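The block underneath contains the structure these notes are about, expressed in C-alpha coordinates.
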Amino acid sequence: MTSAENRLYEVQAEIRAAEAEFLRPDGSVKLIAVSKTFAADQIRPVLEAGQRVFGENRVQEAMGKWPGLRTDFDDIELHLIGPLQSNKARQAVSAFDVIHTVDRPKIARALKAEMEKQSRPLPCFIQVNTGEEPQKAGILPADVDGFVAECRNDVGLDIIGLMCIPPIDEAPGEHFALLQKIAERNGLDQLSMGMSSDYPVAVGFGATHVRVGSAIFGVRDKV
(Lines give C-alpha, C1' and ligand atoms only; values in the text may rest on other atoms or scores of the structure.)
Protein backbone atom coordinates (compact mmCIF):
# COMPACT_ATOMS: atom_id res chain seq x y z
CA MET A 1 0.00 0.00 0.00
CA THR A 2 1.42 3.40 -0.96
CA SER A 3 1.60 6.41 1.31
CA ALA A 4 -1.00 8.13 -0.86
CA GLU A 5 -3.36 5.21 -0.32
CA ASN A 6 -2.86 5.37 3.44
CA ARG A 7 -3.46 9.10 3.48
CA LEU A 8 -6.56 8.70 1.31
CA TYR A 9 -8.08 6.25 3.78
CA GLU A 10 -7.22 8.56 6.69
CA VAL A 11 -8.94 11.50 5.00
CA GLN A 12 -11.99 9.39 4.19
CA ALA A 13 -12.18 8.25 7.81
CA GLU A 14 -11.90 11.82 9.07
CA ILE A 15 -14.71 12.93 6.77
CA ARG A 16 -16.94 10.13 8.05
CA ALA A 17 -16.06 11.10 11.64
CA ALA A 18 -16.92 14.74 10.96
CA GLU A 19 -20.23 13.72 9.37
CA ALA A 20 -21.07 11.81 12.55
CA GLU A 21 -19.91 14.62 14.84
CA PHE A 22 -22.02 17.23 13.08
CA LEU A 23 -25.02 14.93 12.58
CA ARG A 24 -24.61 14.88 8.81
CA PRO A 25 -25.86 11.81 6.92
CA ASP A 26 -23.19 9.24 6.24
CA GLY A 27 -21.77 9.80 2.77
CA SER A 28 -23.23 13.30 2.39
CA VAL A 29 -19.79 14.86 1.80
CA LYS A 30 -17.99 14.17 -1.49
CA LEU A 31 -14.21 14.04 -1.36
CA ILE A 32 -12.48 15.72 -4.30
CA ALA A 33 -8.86 14.54 -4.39
CA VAL A 34 -6.91 17.53 -5.71
CA SER A 35 -4.29 16.14 -8.05
CA LYS A 36 -2.90 19.36 -9.52
CA THR A 37 0.86 19.20 -10.24
CA PHE A 38 0.92 15.43 -9.68
CA ALA A 39 1.68 13.14 -12.60
CA ALA A 40 -0.51 10.31 -13.83
CA ASP A 41 1.69 7.68 -12.20
CA GLN A 42 1.24 9.41 -8.84
CA ILE A 43 -2.53 9.56 -9.30
CA ARG A 44 -2.95 5.96 -10.41
CA PRO A 45 -2.45 4.38 -6.91
CA VAL A 46 -5.21 6.63 -5.54
CA LEU A 47 -7.49 5.51 -8.36
CA GLU A 48 -6.62 1.90 -7.65
CA ALA A 49 -7.55 2.50 -4.00
CA GLY A 50 -11.06 3.38 -5.15
CA GLN A 51 -11.10 7.18 -5.34
CA ARG A 52 -12.90 8.42 -8.45
CA VAL A 53 -13.50 12.15 -7.91
CA PHE A 54 -10.56 14.45 -8.61
CA GLY A 55 -9.89 18.16 -8.92
CA GLU A 56 -7.51 20.03 -11.20
CA ASN A 57 -6.64 23.72 -11.37
CA ARG A 58 -5.41 24.05 -14.93
CA VAL A 59 -7.16 23.00 -18.10
CA GLN A 60 -4.00 22.26 -20.07
CA GLU A 61 -2.51 20.17 -17.30
CA ALA A 62 -5.68 18.12 -16.99
CA MET A 63 -5.85 17.52 -20.72
CA GLY A 64 -2.30 16.18 -20.63
CA LYS A 65 -2.82 13.45 -18.07
CA TRP A 66 -6.48 12.50 -17.64
CA PRO A 67 -7.42 11.07 -21.07
CA GLY A 68 -5.11 8.12 -20.49
CA LEU A 69 -6.36 7.57 -16.95
CA ARG A 70 -9.96 7.71 -18.14
CA THR A 71 -9.16 4.91 -20.59
CA ASP A 72 -8.33 2.62 -17.67
CA PHE A 73 -10.93 3.96 -15.21
CA ASP A 74 -14.17 4.84 -16.99
CA ASP A 75 -16.06 6.23 -13.99
CA ILE A 76 -13.79 9.18 -13.15
CA GLU A 77 -15.45 12.49 -12.23
CA LEU A 78 -13.16 15.45 -12.88
CA HIS A 79 -13.78 18.87 -11.31
CA LEU A 80 -12.23 22.14 -12.45
CA ILE A 81 -11.39 24.00 -9.24
CA GLY A 82 -8.97 26.62 -10.58
CA PRO A 83 -9.50 29.93 -12.39
CA LEU A 84 -10.78 29.71 -15.93
CA GLN A 85 -10.14 32.05 -18.84
CA SER A 86 -12.83 32.38 -21.48
CA ASN A 87 -10.45 31.22 -24.22
CA LYS A 88 -10.17 27.87 -22.41
CA ALA A 89 -13.93 27.31 -22.18
CA ARG A 90 -13.99 24.82 -25.07
CA GLN A 91 -11.30 22.63 -23.54
CA ALA A 92 -12.79 22.94 -20.06
CA VAL A 93 -16.21 21.73 -21.19
CA SER A 94 -14.60 18.84 -23.04
CA ALA A 95 -12.23 17.76 -20.25
CA PHE A 96 -14.23 18.30 -17.05
CA ASP A 97 -17.46 17.05 -15.55
CA VAL A 98 -18.12 19.85 -13.03
CA ILE A 99 -16.97 23.51 -13.00
CA HIS A 100 -16.41 25.17 -9.61
CA THR A 101 -15.09 28.58 -10.63
CA VAL A 102 -17.75 30.54 -12.50
CA ASP A 103 -16.98 34.07 -11.36
CA ARG A 104 -18.01 36.59 -14.04
CA PRO A 105 -20.59 36.97 -16.80
CA LYS A 106 -18.06 36.51 -19.63
CA ILE A 107 -17.05 33.08 -18.30
CA ALA A 108 -20.67 32.07 -17.71
CA ARG A 109 -21.63 32.91 -21.29
CA ALA A 110 -18.53 31.28 -22.79
CA LEU A 111 -19.21 28.07 -20.87
CA LYS A 112 -22.87 28.01 -21.88
CA ALA A 113 -21.99 28.51 -25.55
CA GLU A 114 -19.53 25.62 -25.46
CA MET A 115 -21.90 23.35 -23.58
CA GLU A 116 -24.46 23.90 -26.31
CA LYS A 117 -21.92 23.32 -29.09
CA GLN A 118 -20.71 20.11 -27.50
CA SER A 119 -24.15 18.98 -26.27
CA ARG A 120 -22.54 18.61 -22.88
CA PRO A 121 -24.37 20.52 -20.14
CA LEU A 122 -22.28 20.62 -16.96
CA PRO A 123 -23.23 21.46 -13.38
CA CYS A 124 -21.52 24.60 -12.13
CA PHE A 125 -20.61 26.29 -8.87
CA ILE A 126 -20.19 30.03 -8.49
CA GLN A 127 -16.95 31.04 -6.79
CA VAL A 128 -17.47 33.60 -4.03
CA ASN A 129 -14.65 35.81 -2.76
CA THR A 130 -15.82 35.69 0.85
CA GLY A 131 -12.76 37.57 2.11
CA GLU A 132 -13.11 40.28 -0.56
CA GLU A 133 -9.43 39.83 -1.37
CA PRO A 134 -8.38 41.94 -4.39
CA GLN A 135 -5.90 39.33 -5.63
CA LYS A 136 -8.39 36.47 -5.54
CA ALA A 137 -11.01 35.43 -8.06
CA GLY A 138 -14.67 35.23 -7.16
CA ILE A 139 -17.88 37.22 -6.95
CA LEU A 140 -18.11 39.58 -3.98
CA PRO A 141 -20.68 38.45 -1.41
CA ALA A 142 -22.91 41.47 -2.03
CA ASP A 143 -23.11 40.63 -5.74
CA VAL A 144 -23.80 36.90 -5.52
CA ASP A 145 -27.61 37.03 -5.53
CA GLY A 146 -27.72 39.03 -8.75
CA PHE A 147 -25.08 36.90 -10.41
CA VAL A 148 -26.84 33.65 -9.49
CA ALA A 149 -30.04 35.01 -11.05
CA GLU A 150 -28.17 36.14 -14.18
CA CYS A 151 -26.48 32.76 -14.63
CA ARG A 152 -29.73 30.89 -14.14
CA ASN A 153 -32.24 33.09 -15.92
CA ASP A 154 -30.28 34.94 -18.60
CA VAL A 155 -27.42 32.56 -19.41
CA GLY A 156 -29.13 29.26 -18.59
CA LEU A 157 -26.33 27.60 -16.66
CA ASP A 158 -27.07 24.77 -14.25
CA ILE A 159 -25.90 26.47 -11.05
CA ILE A 160 -25.89 23.85 -8.30
CA GLY A 161 -23.93 25.56 -5.53
CA LEU A 162 -21.27 27.96 -4.29
CA MET A 163 -17.53 27.61 -3.77
CA CYS A 164 -15.05 29.59 -1.68
CA ILE A 165 -11.39 29.71 -0.63
CA PRO A 166 -11.08 31.57 2.70
CA PRO A 167 -8.15 33.90 3.36
CA ILE A 168 -5.21 31.93 4.70
CA ASP A 169 -4.79 34.20 7.72
CA GLU A 170 -8.39 34.16 8.95
CA ALA A 171 -10.52 31.57 10.73
CA PRO A 172 -12.25 29.60 7.97
CA GLY A 173 -15.46 29.03 9.92
CA GLU A 174 -16.76 32.55 9.45
CA HIS A 175 -16.27 32.27 5.70
CA PHE A 176 -17.93 28.87 5.54
CA ALA A 177 -20.86 30.26 7.54
CA LEU A 178 -21.18 33.19 5.15
CA LEU A 179 -21.16 30.92 2.10
CA GLN A 180 -23.78 28.69 3.71
CA LYS A 181 -26.02 31.70 4.39
CA ILE A 182 -25.73 33.02 0.82
CA ALA A 183 -26.45 29.57 -0.60
CA GLU A 184 -29.54 29.12 1.55
CA ARG A 185 -31.15 32.36 0.44
CA ASN A 186 -30.54 31.44 -3.20
CA GLY A 187 -31.98 27.96 -2.87
CA LEU A 188 -28.63 26.25 -3.42
CA ASP A 189 -27.84 23.14 -1.41
CA GLN A 190 -24.30 22.33 -2.53
CA LEU A 191 -21.21 23.94 -1.01
CA SER A 192 -17.66 23.40 -2.27
CA MET A 193 -15.50 24.43 0.66
CA GLY A 194 -12.78 23.03 2.88
CA MET A 195 -9.25 22.01 1.97
CA SER A 196 -6.50 19.93 3.57
CA SER A 197 -6.11 22.23 6.58
CA ASP A 198 -9.78 22.78 7.40
CA TYR A 199 -12.08 20.25 5.73
CA PRO A 200 -13.50 18.84 9.01
CA VAL A 201 -14.54 22.39 9.95
CA ALA A 202 -16.20 22.80 6.56
CA VAL A 203 -18.23 19.63 7.11
CA GLY A 204 -19.64 21.26 10.23
CA PHE A 205 -20.84 24.21 8.15
CA GLY A 206 -22.59 22.11 5.54
CA ALA A 207 -19.91 21.38 2.95
CA THR A 208 -21.08 18.89 0.35
CA HIS A 209 -17.71 18.86 -1.47
CA VAL A 210 -14.29 19.13 0.17
CA ARG A 211 -11.18 19.69 -1.94
CA VAL A 212 -8.24 17.84 -0.39
CA GLY A 213 -4.84 17.66 -2.06
CA SER A 214 -1.70 17.66 0.09
CA ALA A 215 -3.32 15.58 2.84
CA ILE A 216 -3.60 12.79 0.26
CA PHE A 217 -0.80 13.29 -2.24
CA GLY A 218 1.76 14.97 0.03
CA VAL A 219 3.34 18.38 -0.22
CA ARG A 220 3.51 19.50 -3.84
CA ASP A 221 6.33 21.39 -5.49
CA LYS A 222 5.83 25.12 -5.77
CA VAL A 223 4.47 26.11 -9.16
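For the single chain, residues carry numbers from 1 onward in sequence order. Small disclaimer: the values here were computed from a predicted structure and weren't measured.
Separation of atoms NZ (K30) and CD (Q190) is listed at 7.5 Å; rounding is to 0.5 Å. Of the inter-residue distances, the one linking L162 atom CG with E184 atom CD reads 10.5 Å to the nearest 0.5 angstrom. For the atom pair R104 CZ and L84 CG, the distance stands at 7.0 Å (nearest 0.5 Å). Remark: L111 CG to E116 CD distance equals 11.5 Å, nearest 0.5 Å. Here CG of D75 is found 9.0 Å from CZ of F73. Values are rounded to the nearest 0.5 Å. Rounding to the nearest 0.5 Å places CG of D143 at 12.0 Å from CG of D103.
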Verdict with supporting geometry, R109 and D154, side chain to side chain contact (heavy atoms under 4.5 Å, CB included): CA-CA 9 Å; R109 294 183 185 281; D154 299 338; 4.1 Å; yes
- prompt: After noting the C-alpha distance and the side-chain angles of Y199 and V29, does the key distance pass the side chain to side chain contact (heavy atoms under 4.5 Å, CB included) rule?
  reply: CA-CA 10 Å; Y199 64 90; V29 179; over 6 Å; no
- request: Report the C-alpha distance between V98 and I32 in whole Å, list the side-chain angles of each, state the deciding distance to 0.1 Å, and finish with yes or no for side chain to side chain contact (heavy atoms under 4.5 Å, CB included).
  value: CA-CA 11 Å; V98 184; I32 301 172; over 6 Å; no
message: One pair to check against side chain to side chain contact (heavy atoms under 4.5 Å, CB included): L188 and I126. What are the steps and the verdict?
response: CA-CA 11 Å; L188 296 168; I126 287 173; 6.0 Å; no
task: Go through the steps for E61 and R58 under the test salt bridge (charged side-chain N to carboxylate O under 4.0 Å, His left out), then give the verdict.
output: CA-CA 5 Å; E61 180 184 347; R58 297 177 179 175; 5.1 Å; no
task: Starting from the C-alpha separation in whole Å, work towards a yes-or-no answer on salt bridge (charged side-chain N to carboxylate O under 4.0 Å, His left out) for E10 and R7.
output: CA-CA 5 Å; E10 290 170 358; R7 290 191 293 261; over 6 Å; no
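Side-chain contact between F217 and V34 is absent, with no heavy-atom pair separated by less than 4.5 Å. In this structure, R120 and D97 have side chains that are in contact, with non-hydrogen atoms separated by less than 4.5 Å. Put simply, the side chain of L179 does not reach to within 4.5 Å of the side chain of F205, judged on heavy atoms. Between V46 and E5, every side-chain heavy-atom pair lies at or beyond the 4.5 Å cut-off. A 4.5 Å side-chain heavy-atom check between R90 and E114 finds at least one atom pair inside the cut-off. Within the 4.5 Å cutoff, no side-chain heavy atoms of I216 are placed close to those of Q51. By the 4.5 Å heavy-atom criterion applied to side chains, I99 and L157 are not counted as neighbours. The closest side-chain heavy-atom distance from I165 to R211 is below 4.5 Å.
Note on F147: it does not cluster hydrophobically with I160, by side-chain heavy-atom contacts below 4.5 Å among ILVMFWY residues. Under a hydrophobic-cluster definition in which Ile, Leu, Val, Met, Phe, Trp and Tyr are linked whenever side-chain heavy atoms come within less than 4.5 Å, directly or via other members, V212 and M195 are assigned to different clusters. Under the 4.5 Å side-chain heavy-atom criterion for ILVMFWY residues, no single connected hydrophobic cluster contains both M163 and V59. L8 and I76 end up in the same hydrophobic cluster when Ile, Leu, Val, Met, Phe, Trp and Tyr side chains are linked at under 4.5 Å. Note on F38: it clusters hydrophobically with L47, by side-chain heavy-atom contacts below 4.5 Å among ILVMFWY residues.
Contact between V102 and C151 at its shortest, heavy atoms only, is CG1-SG, 4.3 Å. Annotation for S28 and P25: closest pair OG-O, 2.8 Å, computed over non-hydrogen atoms. Contact record, P166 with F176: CG-CE2, 3.5 Å, taken as the closest heavy-atom pair. Closest approach of G194 and A202 over heavy atoms only: CA-CB, 3.6 Å. The shortest non-hydrogen separation linking N57 to I81 is OD1-CG1, 3.3 Å. Of all the heavy atoms in G213 and S196, the pair that sits closest is N-OG, 3.3 Å.
Proximity of the aromatic rings of H79 and F125 is defined here by a centroid distance below 6.0 angstrom, and this criterion is not met.
Looking only at distances, no side-chain donor or acceptor of S214 sits under 3.5 Å from a matching main-chain atom of V219. Between the side chain of T101 and the main chain of G82, a donor-acceptor pair closer than 3.5 Å is present. At distances below 3.5 Å, not a single donor-acceptor pair connects side-chain atoms of E77 with backbone N or O atoms of R52. Looking at D72, its side chain never comes within 3.5 Å of a backbone N or O of L69 through a donor-acceptor pair.
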